Amino acid sequence: MAGRGLRLSFAAWAVTRAVLLMCVLRVWVMPGSDVSVDIEVIYQGWYGVLSTGTFPYDDVTWQYPPAAAFAVLAPGLLPFLDYAPAFFVVCLLADAVVYALLLYAVRGGRRRAAGVWVWVAGVPLLGPIVYARYDVMVTAVAVAALLAAGRRARLSGALTAFGALLKVWPVLLLVGTPRGARTRETWGAAAVTAAVLGLAFAATMPGALAFLTFQRDRGTEVESLGSLVFHLGRHAGWHGHARLHYGSVEFLGPYVHTVSRLALVLSVVAFAWLLLWRVRARRFTACTPYEAAFASVLLFTTTSRVISPQYVVWLLGLAAVCLTMGTTRQRLPIALVLLAAPLTQLEFPIWFSHVVASDKLGVATLTLRNGLLVVATLVSCTRLWRETVSLPGSSDTPDDPPAEKEPALLAG
């Protein structure tokens, strides 16, 4: 990135992030729900339990893999601040890490600076929720893992495993690893790292696997794709309720269990499609690991029983990495995700009361946001398939992965 572009991007990053900090610190009070309450009540409560050397295994709101303890305990590294402000600062630092990693990747014009701008502009479009949940920390690990994949396969695998132990979804970064030695090194390092860390947590901290039960029992959250059935059903006589349940606002009532099961079926179908793609893909390029990661995370986000607003930050990070590559075919789905970001901020926190009430404003906003994510998913997966799966009459011999030629972050 040229000097002027670098200065402009840094100025935009600094100004927008200062605004986000003012929002979560309540210097500037936004309309709608208070995004900071979870940090001040739930996260701080977990901090007290985790500090004793055990997981909050009797708290149904704890639904995270064991390494999430690092994220919750991280504000303790800033003892001169109260817990909530310290948490926001840690999130700001994670945001800065993503920005710095992207800048490093595009240095000298070797990649496109558009990827940097996706992150700089996309995060404020999503709003202060980015600093009021720990997902930006996970995104920083995922971005580092993807950018390291070019020449540091083992490091990429280790980072991916650590990210998966923070919040599961980074395991999907492995799906686009080029076949051969690169896959063996990356997947092997990921398996070893996950096994070592997982066993260490299980042996030293009681309740390390309690999150599996709590995730299993979750229902249909009011912002998910499946929830639209009940939002519309309320206007057609469906007798159910939206209530705080398992740490989020979910629908409770007739047919909710059925819709939740259907969402799980969709996720299984999504996994089957990814497996089929992995088996059939033949043409791996320098873009493929990034595009596959973006498409797979988009696929599982859209089909999930829960689409919390902070999930969009995952997509923004992966979209930014994709767009650093000038040859990516994911521009349209990336644009759709960027359009979905401000709508996500509208549905939560600004108009969340309208979403919970299933009124026209809330339902329209949620339908438009979820519709954009669905279209983005379909376009992303279609383009990934067309670009990588051999067509009839074409060679079945895999292309040599050009990733060895590309500038790679953390390359030795």
Side-chain angles (χ1 to χ4, degrees), residues 10 13-28 30 34-53 55-56 61-104 119-120 122-124 126-145 147 159-170 197 201 205 211 247 308-314 316-318 320 345 349:
F10 179 75
W13 182 88
V15 170
T16 54
R17 275 44 177 192
V19 172
L20 293 182
L21 269 182
M22 287 192 293
C23 290
V24 291
L25 291 171
R26 299 192 184 94
V27 175
W28 179 27
M30 288 188 62
D34 186 351
V35 300
S36 305
V37 170
D38 281 10
I39 305 303
E40 297 168 343
V41 178
I42 299 176
Y43 279 53
Q44 191 163 356
W46 291 339
Y47 177 86
V49 176
L50 290 166
S51 298
T52 67
F55 284 93
T61 62
W62 177 260
Q63 300 167 7
Y64 309 107
F70 291 130
V72 176
L73 292 171
L77 299 173
L78 304 173
F80 48 87
L81 292 174
D82 291 337
Y83 183 83
F87 186 92
F88 303 146
V89 170
V90 172
C91 289
L92 172 66
L93 293 175
D95 180 357
V97 166
V98 177
Y99 174 62
L101 290 170
L102 292 168
L103 282 180
Y104 190 83
W119 183 254
V120 170
V123 168
L126 186 56
I129 192 67
V130 176
Y131 289 173
R133 303 293 186 271
Y134 80 91
D135 296 79
V136 67
M137 305 181 202
V138 188
T139 302
V141 176
V143 168
L147 291 175
L159 287 170
T160 298
F162 179 61
L165 286 172
L166 281 168
K167 204 162 187 181
V168 181
W169 67 265
L197 287 177
F201 276 115
M205 295 182 69
F211 76 98
S308 294
Q310 64 269 21
Y311 293 5
V312 179
V313 76
W314 314 343
L316 292 174
L318 300 180
Q345 183 175 185

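One-based numbering along the sequence shown. All figures in this text were calculated on a predicted structure; none of them were measured in a lab.
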Report all side-chain donor-acceptor pairs from residues 45-52 shorter than 3.5 Å, counting only partners two or more places apart or in another chain.
residue : atom : partner : partner atom : Å
W46     : NE1  : D59     : OD2          : 3.0
S51     : OG   : Y47     : O            : 2.6
T52     : OG1  : V49     : O            : 2.5

[atom1]/[X] to [atom2]/[Y] distance, rounded to the nearest 0.5 angstrom?
X	Y	atom1	atom2	answer
L20	Y131	CG	OH	5.5 Å
L316	L126	CG	CG	6.0 Å
L73	Y83	CG	OH	7.0 Å

Sequence neighbours excluded, every pair satisfying salt bridge (Lys or Arg N to Asp or Glu O under 4.0 Å) that has a member inside residues 130-145: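 Passing the test, one end in residues 130-145: D38-R133, D135-K167.
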
Listed once per pair and sorted, the salt bridge (Lys or Arg N to Asp or Glu O under 4.0 Å) pairs that draw on residues 71-98, sequence neighbours left out: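 Qualifying pairs: R17-D95.
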
Measure the shortest side-chain to side-chain distance between [X] and [Y] over non-hydrogen atoms and say whether it is less than 4.5 angstrom.
X	Y	value
F87	M137	yes
V72	W62	yes
P349	I129	no

Can you see which heavy atom on [X] is nearest to which on [Y], and at what distance?
X	Y	value
P128	V24	O-CG1, 3.5 Å
L101	L147	O-CD1, 3.8 Å
T139	G317	CG2-CA, 3.8 Å
F88	S36	CZ-OG, 3.7 Å
I39	A84	CG2-CA, 3.9 Å
L159	V141	O-CG1, 3.3 Å

Partners meeting side chain to side chain contact (heavy atoms under 4.5 Å, CB included) with [X] (sequence neighbours left out):
X	result
V168	P65
A164	V171
V19	M22, C23, W28
L165	P66, A67, L197

Counterpart residues, side-chain hydrogen bond (donor to acceptor under 3.5 Å, both in side chains), relative to Q44 (two or more places apart): none

By side-chain hydrogen bond (donor to acceptor under 3.5 Å, both in side chains) - contacts of Y99 (at least two apart):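 So Y99 forms a side-chain hydrogen bond (donor to acceptor under 3.5 Å, both in side chains) with S9.
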
Residues that Y134 engages under ring pair (Phe, Tyr, Trp, His ring centres under 6.0 Å), provided they are two or more places apart: Y64

Pairing residues for W314 by the ring pair (Phe, Tyr, Trp, His ring centres under 6.0 Å) criterion, not counting sequence neighbours: W169, Y311

Could you list the donor-acceptor pairs under 3.5 angstrom formed between side-chain atoms of residues 74-81 and any protein atom two or more places apart in sequence or on another chain?
none

